[in-house]
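Before any comments, here is the structure.
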Amino acid sequence: MAAGSIRVTMDVGADGVALITIANPPVNALHPIIIAGLKDKYAEAMRRDDVKAIVLTGAGDKFCGGFDINVFTKVHQTGDVSLMPDVSVELVSNMMEEGKKPSVAAIQGLALGGGLELTMGCHARISTPEAQLGLPELTLGIIPGFGGTQRLPRLVGLPKAIEMMLQSKFITAKEGKERGFIDALCSPDELIKTSRLWALEIANFRKPWMRSLGRTDRLGSLSEARAVLNGARVQAKKVAPNMPQHQACLDVIEEGVLYGGHAGVLKEAKVFKELVVAPTSRALVHVFFAQRSTTKVPGVTDVQLKPRQIRKVAVIGGGLMGSGIATSLLVSNISVVLKEVNPQFLQRGEKMIAGNLDGLVKRGSLTKDKMKKSMSLLKGALDYSDFKDVDMVIEAVIEKIPLKQSIFSDIEKICPEHCILASNTSTIDLNVIGERTNSQDRIIGAHFFSPAHIMPLLEIVRTEKTSAQAILDLITVGKIIKKVPVVVGNCTGFAVNRTFFPYTQGSHFLVSLGIDVFRIDRVISSFGMPMGPFQLQDVAGYGVALAVKDIYATAFGERNLDSDLVDLMVKDGRQGKNNGKGYYIYEKGAKPKPDPSVKHVIEEYRKRAKKMPGGKPVALTDQDILEMIFFPVVNEACRVMDENVVIRASDLDIASVLGMGFPKYRGGLVFWADTVGAPYIHSKLSKWAETYGAFFKPSSYLEQRAKSERTEHIAARFDEVTHMN
Ligand SMILES: C[C@H](O)CC(=O)SCCNC(=O)CCNC(=O)[C@H](O)C(C)(C)COP(=O)(O)OP(=O)(O)OC[C@H]1O[C@@H](n2cnc3c(N)ncnc32)[C@H](O)[C@@H]1OP(=O)(O)O
């Protein structure tokens, strides 16, 4: 970003209106230079006799994306909270809201976080109808800090304000108008003109001079407010048990309800400063930037290549994965040819896609019209005749090497030369899949996670021969279909499944030591995973576990832990969620319940494993359980980094959060490991390796990090140099 492009300008018109414009592309974030500029221009506008009123707006097509999040990173690096300028009282309350000249916000595109808070310090808000309004600060581990916790409830009422802040839900300006937040809607062409007139009307007392902070009319009675706040507290405890910002936000809102807006603003400032340096904010701010850096791929996105347009994609295989992938493409207006081997399978695939789309309509994320339009872009096929003009093929058939090889040699002949040949394999080496073709440069992995139309991660797997153009095109498609693409190297399990192979194996090992299955699941879910490893296995289906067993054994050698627990489960008539019977019982409409009758399978497993000393369960604390499951995962992450399977350590953080549900508020796997510390993880793994063997043996990368004198950071050495595959 060029320093000169960050500025605040002020133009005073002949009408006596000062138009103050925030310019900081791409989202007009409130960099400290902007804050200083706003203070300057406001002071000048108040001083000048030729200024009667002020209109505040953003340059380009956006009002403002909020306070500059880069400043939080600086605060985290230095621990210096004074890097945060005083905006709340000095600028928003004193200069804007209490200023002797009225301000009107002219909003277009988006007004988020601190940006929305500036508009609330204005005396009226005019907007284009589709502009997005929201206070997403809680997603960064903080609370709104420019008075938003106080003014939003006073403008839209307590329940809606709490929903918008605690769930970081955006509303459109159109809804904002219905709720009284926005004073008038108009087209982009009319925005500034309408806002200027409005500001002059206020100055001439022909429209109300509203100061939000002093209002109480939307707050309801004290007992109503208390009931709403208490309800929100109970809900927050459920959905955000390990994060401080939700309860803190409610406390701050309550302060303002009890003692008035100004008291609320003061408490907000104090709590904001505490939260901004807390571990949750550090982790969530890290994830914010890590997620945006996954699509910055050296040699691909920085070499002047242009993404080609992908208009039509063929998906081979209409099973669970294929239909999910097709659904994602269709809802993003990409035409899909779905190929199956016979009419029944094809019909089943098309039905699944229709079901997926229907599910999206029911969740409110798709309109009925859009669903119809999506279905119209789908064409079924039983042969390759429709493949002649496709821009990309995504193969999603069962994990059988000869089948995939023959498909790839067929499509190489049929598809146009520019067509990208992608496989959704989760384990098989892409070089093997493409062995019978001469198109290695356009062969690439497009590893979606199930259910593919919902899970946000897209692991893009490149071989040494995959062209930069093919990678760029798939990254671009990934973004179009609203996935987060992470580019990884070609190895067994790629980045996510490889890193997490010890997750399942470690949990089985703990069971063999005598630890209760359901206790393990409880410990892991309390840590913040969406479910424990056993419930996850039930949900994923045992077929996957059995299919990868041999592949992992071959690839991971002595650090692979063999377990026949899944075989015993299958022998006992259990298939997990598929047949309603696994470690848990699954009944329609009910939460999964631990199945006590699984006990005899577990006992049989323990008997065969012979791991319990003297046949007695080993005594472990919850912390031991957590560490014995996650430290081997961190250890494998170290190998994945050491072998340059990922471009940067933070890509593994994003992959773990979006692919495995690792808690975002812990910053992702590697970030979390660094908060625990390499020496500690290394010492624990070394001890367990002595007792239990090679599964726990620390990798040489982890050992180096643990012993490094310069820094203990696991991510550090890796990020010191740019690694390329
Ligand atoms: C005191 C206050 O209460 C505290 C605050 O205001 S905290 C900030 C609150 N605001 C937010 O949380 C909004 C964060 N931003 C977003 O959600 C999204 O970026 C957006 C909806 C604004 C735009 O999304 P999208 O168009 O997909 O673009 P996206 O790739 O995310 O962002 C474009 C660029 O702007 C940057 N950016 C976006 N918002 C930013 C912000 N508030 N500060 C700094 N940079 C920001 C991104 O890092 C990205 O940079 P890059 O191109 O170098 O990677």
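In this chain, residues are counted from 1 in sequence order. Whatever order the structure lists them in is the order used to number ligands and atoms, beginning at 1. We use all heavy atoms of the structure for the numbers below, so side chains are in, but hydrogens, waters and symmetry mates are not.
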**Prompt:** Is Lys160 atom NZ crowded by more than 12 heavy atoms from other residues, nucleotides or ligands, each under 6.0 Å away?
**Reply:** yes
**Asked** So, is the end of the Arg666 side chain (NZ or CZ) under 6.0 Å from the ring centre of Phe662 and within 45° of the ring's axis?
**Response** no
**Prompt:** Between Phe67 and Phe146, what is the ring plane arrangement, given parallel below 30°, perpendicular above 60°, and tilted in between?
**Reply:** perpendicular
**Prompt:** Does the side chain of Leu658 reach to within under 4.5 Å of the side chain of Lys483, using non-hydrogen atoms?
**Reply:** no
**Asked** Does Ile33 reach the side chain of Arg7, with side-chain heavy atoms less than 4.5 Å apart?
**Response** no
**Message:** Please output the residues near ligand 1 using a strict heavy-atom distance under 4.0 Å, listed in chain and residue-number order.
**Reply:** Pro26, Val27, Ala29, Gly65, Gly66, Phe67, Asp68, Ile69, Asn70, Phe72, Leu110, Leu112, Gly113, Gly114, Glu117, Pro136, Glu137, Leu140, Pro144, Gly145, Phe146, Phe272, Phe288, Phe289, Arg292, Lys296
**Request:** Using the side-chain contact (heavy atoms from CB on, under 4.5 Å) rule, take Thr21 and Val8 through it: C-alpha gap first, then chi angles, then the decisive distance, then the call.
**Result:** CA-CA 6 Å; Thr21 307; Val8 178; over 6 Å; no
